[in-house]
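So you know, we letter chains A, B, ... as the sequences are listed, proteins then strands, and number each from 1. Computed over heavy atoms, backbone and side chain alike; hydrogens, waters and symmetry mates excluded.
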Amino acid sequence: MTDTTTNERLAAAEALEQRAGKEAAERSAVAGAYADDPAHDHHITNTGISNPKLAMWVFLGSECLLFGGLISTFLLYKNNNLAGGPTPHDVYDIELTSISSFVLLMSSLTMVLAVSAIQRGEQARMRLWLVSTALLGGTFIGGQAYEFQVFVKEGLGFTTNSAGSAFFALTGFHGVHVTIGIVMLLSTVILSAVGRIPRARAEAVEIVGLYWHFVDIVWVLIFTVVYLIP
Amino acid sequence: MTTTTTGPLALPSGTDTGRPNPLGAFARPTAATGWRSWVSTVDHKRIGIMYGASALIFFVIGGIEALLIRLQLAQPDGVLLSADAYNQVYTMHGTTMVFLVVMPIGAAFMNYLIPLQIGARDVAFPRLNALSFWIFLGGGILLNSSWLLGGGADGGWFNYAPNNGVIYSPSRGIDFWNMGLIIAGIASLAGAINLIVTCLNMRAPGMKLFRMPVFTWMGLVTQFLLLFAIPVLTAAQFLLLFDRLFGARFFDVDAGADPLLWEHLFWIFGHPEVYIMVLPAFGVISEIIPVFSRKPLFGYPFMVFSGIAIGFMGWGVWAHHMFASGVGPLSVAAFSISTMFIAVPTGVKIFNWLATMWGGRLKFEAPLLYSVGLVTMFTIGGLSGVTHAVAASDTQQTDTYYIVAHFHYVLFGGALFGFVGGWYFWWPKVFGYKLGDKVGKVNFWILLVGFNLTFGPMHILGLQGMPRRTYTYRDGYGFNLWNFVSTIGAFTIATSFLIFFANILTSRRKAKASNLAMAADPWDARSLEWTIQSPTPAHNFDTSPTVHRLDDFWHRKYQENAEGKVVRIARSEDLVQPGDPTGVHLPSPSYWPLVIAVGLPFVGWGLIFNLWLCLVGGLLIVAGIYGWILEPADAPAAESGHHPDTGPGQPASDQAEAADGDRHDRDEGTESEEAALVD
Amino acid sequence: MSLARRAGLLGPALAVAATLAGCAKDAPQDTLEPEGRFANDLDNLINPIFAVAGVVFVVVLGGALFIALRFRSRNDEHFDDLPAQIHGNNVLEIGWTVVPAIILLAIGVFSVIAIFELNEEPPDDAVNVQVIGQQWWWEYRYDLNGDGTFDEIVTANDLVIPVGEEIDLEITARDVIHSWWAPKLNGKRDAVPNRTHPWKIQADEPGEYVGQCTEYCGLSHAEMRVKVVALERGEFDTWVEEQQTDAETFATDDTSEEAEGYRAFTGLLCNSCHLVEGVNDDQFSDEDLREFQRDVAGGPGTITDDELQASGHAPNLTHLMSRSTFAGAKFDLRRNTPYCRDLGVDWADEVDDVERCLDLGALEAWLRNPPAEKAMQAEPIPGRSPRRGMPNLELTEEQIDQLVAWLITLK
């Protein structure tokens, strides 16, 4: 009697173990790079980077060329105010732009903190840092908007002259990218609030972070090339 | 093994367990047959077929435009088309052929074949793949809607500034061109991201990069070219859009703009673009020639590296389109040299293809005929290309019919010939029946003759001083005879394509009537797509193949015996996978890519006509994105034991969207990998 | 006919055709028959390269042909009898990489040398002409006194040069990108607004050399033609002097047909676009022109005012009758017969010659309805595009006769 019970229990335990193992294997197979155990992260894809993360890197590669084209255009036209009005250099307020640049740089820090939080499973903390990032990004956009309307008041608009067109096109495209980033950040916050971003899905936040850092780096480049270099 | 239950036209994708849809409209569609299944498909094979079919329709449109050109130019002082009409026709002909024909045909082949050739179940992002197709189609429709809405674009396919501005092109045609191509560019970019991640990440066990077929390699290089070239064109097109719609000053001559800005931006895209068009065709014939020569591709590593070299060097030659533009002797000299050298890797390929055939056993069925057609016709185009590289003399050649001859020889004689060969080659795999070979041969010869009659004389016309993009020419300039001959050739080409379409119809009818099954490996070929049933089962591979070397399938069929002779050791039938979909879970279909894609042309029409339409388009796009995010990752499939969808693994956002399908098969992949290791 | 035969015949066929075509007499834009020093240089540069290309063509296509025939499988059994499965040969690979590279390098060296040689500036005393492209005609302005302004002679359609000398061209445009090309004299050079491109030509023999605009520039790109007239030095000097004289004016009480035509010209809109020195030139600096155009058009505006020409200019007519073409050289002003051609730039000096050689029908048709003769945007599109081209002034036949009579006086 005891034997049968023991055997049954053993069998049941074995079955449980097997199922658990199978489920774990399925989870890791299925969740792939989102698996709980970091050791299981990188055996699914040939490169070891998950599909979404690789896709983001590849996409950012293409973005380099987009901004490259716009930056080149700006470099060509930066001093061209033949149609009248001031050049961008005439109306810059470098101090203000430095401050908003610093704000954007700080947002990259808070982004890193957000990713770090979710990797430790700290949902609320992640949301805090994500919201901070979004706020800092929003402050940057606000600063840009303020700066642009000052420029327009001082006579440099999008259609005033070639330099104006080039300046606003470049910074405008960047601003749109930041804004889309803010939407992504806030979407992540909301999805986290409804429980759809567990620790296993930390990589999703990391990918948003990649995008955000890229947008930041582009700004560093723009700030240097457009504002600082005479 | 029947042809109907597992073909791309019949197999249900996604399993329907009859559970109620918890989110109502957001549930995944489950149609398995009929137009709804095509419209919601995320299957890379169906998407490839749709790319190909759309490209053929646009080819007919572009072809009619070409025939109109040739009718107008058949005689001096032609009266068929006014100057304005002609300018629209030639612009739309070029734009259609480049963006809506050759590129999508390449996309068709790459979408269909790359996952198969690397042993994958689908691409990395199936819904994104569907999105790419529908966006492309929308862009093409938007571009061609110009014909009905005020006239086609009339600035030439490269649309130089300042002629492309409102003052000099006041009609809306160029706005359609601009918007249509920005939209099509989004499609190409998304496709590039998808296929790059697929190639790099989703290869079957043992499929190292240097075991991938050359077609896949050329596809990978092409996708990288697209990835980096399209954004440059997009930037230029946005600048033009801002000028035309909002009065910006990028190309405003009175504001001191430099028109060469457009030229540089365009050609930095434009030159990689021509390699984007031709590399997939190079890949196609690299698959065909070995099969019909009974020998491996000669110099596989060199074929791969020359393709990569072309990809890199293609970025350094753009200003050879600008030798007469006044860029200065130093630039001209530099680009002349770099253009000379890009001929080297291309030449390497020509020699390798010929060396593959050397010493082989050649069977000149249609695929090989077209492949040799590419090799010979592209050589002619390549040689005239080298003469263009001589920058000083190019000032006599550029903007004449000599250039028109050159690019038609490399793009039509090159890319298109290769693609038609590819159709003949892969048709049995895709559709389960072969295209008639006798008719195929007639098709080829008529096309070869017609093609050379059309474009051969253009070399002469150009050297004799006939400029391109001219709606008419005068008597007494020596242009009459060859223009007339060229027109005859153009109608010969048209005839050959009528024969091609007829071949499709009759072959299909014959196949249906006979009800014979198509073999999995009808050509005794070398790569993985021939190891599964024809037509390709929806799930591709029953189990993930394990690859031990290049041309793995071939080496399982043939081996060297004791005397060193290569003999068959196994029948294809014994080696191919039977096509059993049990336990396979495919990515579920979705309508949302279509919804998003429909929104984009509305934004385009809105920007041209009425901003309220932009709002409609915008709403569709936003709705589509949210629908995409919120729909369940899968149609319900509780019993199968594969349940990533309802657990924590649920995709959270667009960016983090996991590939729906590939996850499920990693089990099988790892299993067979383990099995292989045990072997 | 087999693949082999067909491909084999194609090459020689094309070669024969090309040769025959080159011999064609009526090929006035033939780059293979240069008639100027620089075009000659280009021809000499490219001919050996054509030859090299021809050799490669024969080798590759002949090779393909040979392979197709030699290794064709005879039957299915033969097809299934697999040949040696050669995977590659590094020596061959290196060979057919290095050898073409060397050949291309050699060609490249010649190419670069030619680029810099052809870029050398013409001598300081070369005739200096500014070439200005606009939709859809070419203006030629000469700087005779070397002061950097091209104002001594302003003419259109026919570029008159001395034979046997290097001519220093400064090519630019007023609206969109055009390209100036006289194939028998040199390659082409783009005319880009806001840029000036130096170029040079030299005609070996006296004569007329035709060409076309070769950068798509809109509606009448195909009818924006170039004509270069090369004269012996003495004749050229005479031409220069005659070009710098003013047109005759007519007294208000003069009732001759020419005088009526003169009054029609100055009274109608013609005045606002066409300059005739001695008649309306005191208003004709670029800024003055625009002001005058504004006044005539009835109100203040900028150069992009719908009523005005986008380029702000139409051909200078002062010495119209010294030219052989008009309307962007689309039409012959002087009939293209041997007798009339022989008369050269002075063809309109004698009344009989004018009778004989003026293409009166063409000129009248143009005045009657220019947009019907040449595709132009002769009416503005309000808010989008100003007038680009000569409008239909709805002249009466009488006015046309008068204007023609007066135009004939512009020798």
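Remark: side-chain polar atoms of Arg203(B) are not paired, donor with acceptor, to backbone N or O of Ile118(B) under 3.5 angstrom. In terms of modelled atom types and a separation under 3.5 Å, the side chain of His174(A) and the main chain of Val215(A) share a donor-acceptor contact. Of the possible polar contacts, one joining the Arg211(B) side chain to the Val547(B) backbone as a donor-acceptor pair under 3.5 Å is found. Side chain of Tyr77(A) to backbone of Arg249(B): no donor-acceptor contact under 3.5 angstrom is found. For the pair Ser107(A) (side chain) and Thr133(A) (backbone), a donor-acceptor distance under 3.5 Å is absent.
No part of Asp243(B) comes within reach of chain A, as not one of its non-hydrogen atoms sits under 4.5 angstrom from that chain. For a residue to count as touching a neighbouring chain, one of its non-hydrogen atoms must lie under 4.5 Å from one of that chain's; by this rule Phe224(B) does not touch chain A. Contacts of Thr160(A) with chain B are made by backbone atoms alone, with heavy-atom separations under 4.5 Å and no side-chain atom involved. Looking at Leu239(B), only its side chain comes within 4.5 Å of chain A, counting heavy atoms on both sides. With a 4.5 Å cut-off on non-hydrogen atoms, Leu54(A) touches chain B through its backbone and its side chain both. Looking at Asn161(A), the atoms closer than 4.5 Å to chain B (heavy atoms on both sides) all sit in the backbone: N, CA, C or O. Heavy-atom distances place no part of Phe67(A) under 4.5 Å from chain B, backbone and side chain included.
At a threshold of 4.5 Å between non-hydrogen side-chain atoms, the residues His44(B) and Pro126(B) do not count as touching.
For the options Gly84(A), Ser162(A), Ala83(A), Gly69(A), heavy-atom pairs under 4.5 Å to chain B are most numerous at Ser162(A). In terms of heavy-atom pairs under 4.5 Å with chain B, the best-connected choice from Asn81(A), Val194(A), Leu82(A) is Leu82(A). The candidate with the highest count of non-hydrogen atom pairs below 4.5 Å against chain A, out of Leu189(B), Val232(B), Asp252(B), Leu200(B), is Leu200(B).
Put simply, CD1 on Ile114(B) and OG1 on Thr198(B) are 8.0 Å apart, with the number rounded to the nearest 0.5 Å.
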